[in-house]
Amino acid sequence: MATQKLLLLPGDGIGVEVMAEVRRLIAFLNKSGLASFETEEDLVGGSAYDAHGKAISEDAMKRAQEADAVMFGAVGGPKWADVPYEARPEAGLLRLRKDLGLFANLRPAVCYPALADASSLKRELVEGLDIMIVRELTGGVYFGEPKEIVTLENGQKRAVDTQVYTTHEIERIARVAFDLAKVRKGLLHSSEKHNVMKSGVLWKQVVTSVHKAEYPELKLEHILADNCGMQLVRTPKQFDVIVCDNLFGDMLSDVAAMLTGSLGMLPSASLGAADARTGKRKAMYEPVHGSAPDIAGKGLANPIATLASFGMALRYSFGLSEAADRLDAAIADVLGEGLRTKDIAAPGQNAVSTSDMGGAVIKAMERAR
Ligand SMILES: NC(=O)c1ccc[n+]([C@@H]2O[C@H](COP(=O)([O-])OP(=O)(O)OC[C@H]3O[C@@H](n4cnc5c(N)ncnc54)[C@H](O)[C@@H]3O)[C@@H](O)[C@H]2O)c1
Ligand SMILES: CC(C)[C@H](C(=O)O)[C@@H](O)C(=O)O
Ligand SMILES: [Mg+2]
């Protein structure tokens, strides 16, 4: 089995705690012969700022470029509230996404049967829920120029963020979404705001053209992003794949998280274009949640989003579908047995720690051998 190079970037807050569980899982996979990973680690976010004055060092960027995949924890926190904007912890994450060309962010929202009662919605609305949000990740208002705060002659300040999308950027994310819909239920919702935004007008036109020319057998629905948020909490099972821009994808995926029980359940894969020669994609795997300063350092974080993100790495970057299936089954088993971190526990139910949950998932994988 070829050895694969993984770069672990735990980051800040609970990023460090949930990455510890990934480290244990990798050790188990290596020991059991299910995989062969060589890992390196580096700093990102506030911890990198404290060490180097930058949210990610050039050395860490080089390691990320050279790795077969990157595992990302989470960044940010109140400790870095006053650092310069360019060096804020989140800038490290955005640079990784941009410089590695990770334009496609896959955020699956799956409600495990055992968690149907932990969701914000009634059991019957979420039981069997399986949605894939495809978020464009390297464009839009996150990266558009100008992005500035200027002082006007009258002393007032003016803040500008710019939403920019090109045909090429929309086409390539639309293809990722249609390809996923093709192997799922065949339904794609494209979400934008063409009623207010020029970029929404172009988004709708381009997605429609890609549909007509390349995927006419699939069903395409256009939905305004505000309505999409509402429909997600009204009748979530009407959706299969949703494709949207960077900002709407950020918001809709946090909404979708609560259909699964917790933000601590939502994994993601951030993928680049396939290399023309090798077919390999640059990839980073990151839970959807942040550094959760309110619970950091207490062993309360749910590690499942990060473990499941690692599961996506096993599948998408390494073709280790047997190990990935076994990990998914282990997560379902542990939840089925009633183990709960605090975020998914019922009121009054005993909750386990981050490391107890991680350990139980690994034990369940061992049992399945
Ligand atoms: N990918 C990332 O690194 C990422 C993502 C989102 C937010 N952030 C950053 O994180 C910091 C805090 O942001 P926030 O509080 O708005 O969002 P957050 O995602 O960190 O937390 C939101 C809420 O969800 C809970 N939560 C999140 N993950 C959890 C988990 N695994 N288990 C249990 N509960 C969990 C938190 O306790 C909190 O109540 C900010 O600096 C923000 O920019 C980073
Ligand atoms: C931390 C922040 C930059 C990030 C984003 O907005 O993309 C986060 O919220 C996410 O969902 O990954
Ligand atoms: Mg977010």
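Because the structure is predicted, anything quoted here is derived from the model rather than measured. Indexing begins at 1, ligand by ligand and atom by atom, following the structure's order.
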(message) Students should be able to answer this: which protein heavy-atom is nearest to atom 5 (C) of ligand 2, and at what distance?
(response) Tyr142 OH, 3.4 Å

(request) Starting from atom 11 (O) of ligand 2, find the nearest protein heavy-atom neighbour and note its residue, name and distance. (result) Asp250 OD1, 2.8 Å

(message) Hydrophobic clusters here meaning ILVMFWY residues chained together by side-chain heavy-atom distances under 4.5 Å, can you tell me if Phe103 and Tyr285 are in one?
(response) yes

(request) Give the cluster check for Val134 versus Ile223: same hydrophobic cluster or not, with ILVMFWY residues linked at side-chain heavy-atom distances below 4.5 Å. (result) no

(request) Mark yes or no for whether Lys182, through its side chain, and Leu218, through its backbone, hold a donor-acceptor pair below 3.5 Å. (result) no

(request) Look only at the side chain of Ser32 and the backbone of Leu29, and say whether a donor-acceptor pair between them is shorter than 3.5 Å. (result) yes

Heavy atoms of the protein only: does one fall short of 4.0 Å from [atom]?
atom                    : value
atom 23 (C) of ligand 1 : no
atom 20 (O) of ligand 1 : yes
atom 13 (O) of ligand 1 : no
atom 17 (O) of ligand 1 : no
atom 39 (O) of ligand 1 : yes

Between the side chains of [X] and [Y], does any donor sit under 3.5 Å from an acceptor?
X      : Y      : result
Gln65  : Asp99  : no
Thr208 : His222 : yes
Trp80  : Asp50  : yes
Asp343 : Thr341 : yes
Ser270 : Asn105 : yes

(message) Looking at every non-hydrogen atom in both residues, tell me the closest pair between Ser190 and Leu220 and how far apart they are.
(response) CB-CD1, 4.1 Å

(request) Compare every heavy atom of Ala305 with every heavy atom of Leu263, then report the nearest pair and how far apart it is. (result) O-CB, 4.2 Å

Side chain, backbone, both or neither: the part of [X] lying under 4.0 Å from ligand 2 by heavy atom:
X      : result
His289 : neither
Val288 : backbone
Arg107 : side chain

Can you tell me if [X] contacts ligand 1 (heavy atom of the residue under 4.0 Å from the ligand)?
X      : value
Ser262 : no
Phe72  : yes
Val288 : yes
Pro293 : yes

Under 4.0 Å from a heavy atom of [X]: which atoms of ligand 1 are those, numbered in the order shown and with their elements?
X      : value
Gly77  : 41 (O)
Ala74  : 3 (O)
Gly264 : 30 (C), 31 (N)
Ile14  : 28 (N), 29 (C), 30 (C), 31 (N)
His289 : 1 (N), 2 (C), 4 (C), 5 (C), 6 (C), 19 (O), 27 (C), 28 (N), 31 (N)
Gly76  : 41 (O)
Ala301 : 32 (N)

(message) As a quick check of understanding, evaluate salt bridge (Lys or Arg N to Asp or Glu O under 4.0 Å) for Lys5 and Glu38, giving each step before the final call.
(response) CA-CA 5 Å; Lys5 258 173 68 179; Glu38 195 180 284; 5.7 Å; no

(message) With a 4.0 Å cut-off on N to O distance, would you call Lys280 and Asp275 a salt bridge?
(response) no

Check this for me - ligand 2, [X], N or O atoms closer than 3.5 angstrom, yes or no?
X      : answer
Glu90  : no
Asn246 : no
Arg135 : yes

(message) Quick check on the Mg ion (ligand 3): does Asp250 put an N/O/S atom closer than 2.8 Å to it?
(response) yes

Please check whether [X] reaches ligand 1 - meaning an N/O of the residue sits under 3.5 Å from an N/O of the ligand, judged on distance alone.
X      : answer
Leu300 : no
Arg97  : no
Asn302 : yes

(request) May I ask which of Asn105, Leu93, Leu263 has a heavy atom nearer to atom 2 (C) of ligand 2 than the others do? (result) Leu93

(message) Among Pro303, Ser291, Gly13, Ala292, which one puts a heavy atom closest to atom 11 (C) of ligand 1?
(response) Ser291

(message) Centroid separation under 6.0 Å, is that true for the rings of Tyr165 and Phe143?
(response) no

(message) Does only the side chain of Leu263 get under 4.0 Å from ligand 1, or the backbone, or both, or neither? Count heavy atoms.
(response) side chain

(request) Pick one of side chain, backbone, both or neither for how Leu93 approaches ligand 1, counting any non-hydrogen atom pair under 4.0 Å. (result) side chain

(message) Working note: Leu115 + Leu335, criterion side chain to side chain contact (heavy atoms under 4.5 Å, CB included); need CA distance, chi angles, decisive distance, verdict.
(response) CA-CA 7 Å; Leu115 289 192; Leu335 294 172; 4.1 Å; yes

(message) A cation-pi test, strictly: NZ or CZ of Arg88 under 6.0 Å from the centre of the six-membered ring of Tyr85 and no more than 45 degrees from its axis. Yes or no?
(response) yes

(message) If you apply the rule side chain to side chain contact (heavy atoms under 4.5 Å, CB included), what do you find for Glu221 with Leu188, and how did you get there?
(response) CA-CA 6 Å; Glu221 300 272 359; Leu188 178 66; over 6 Å; no

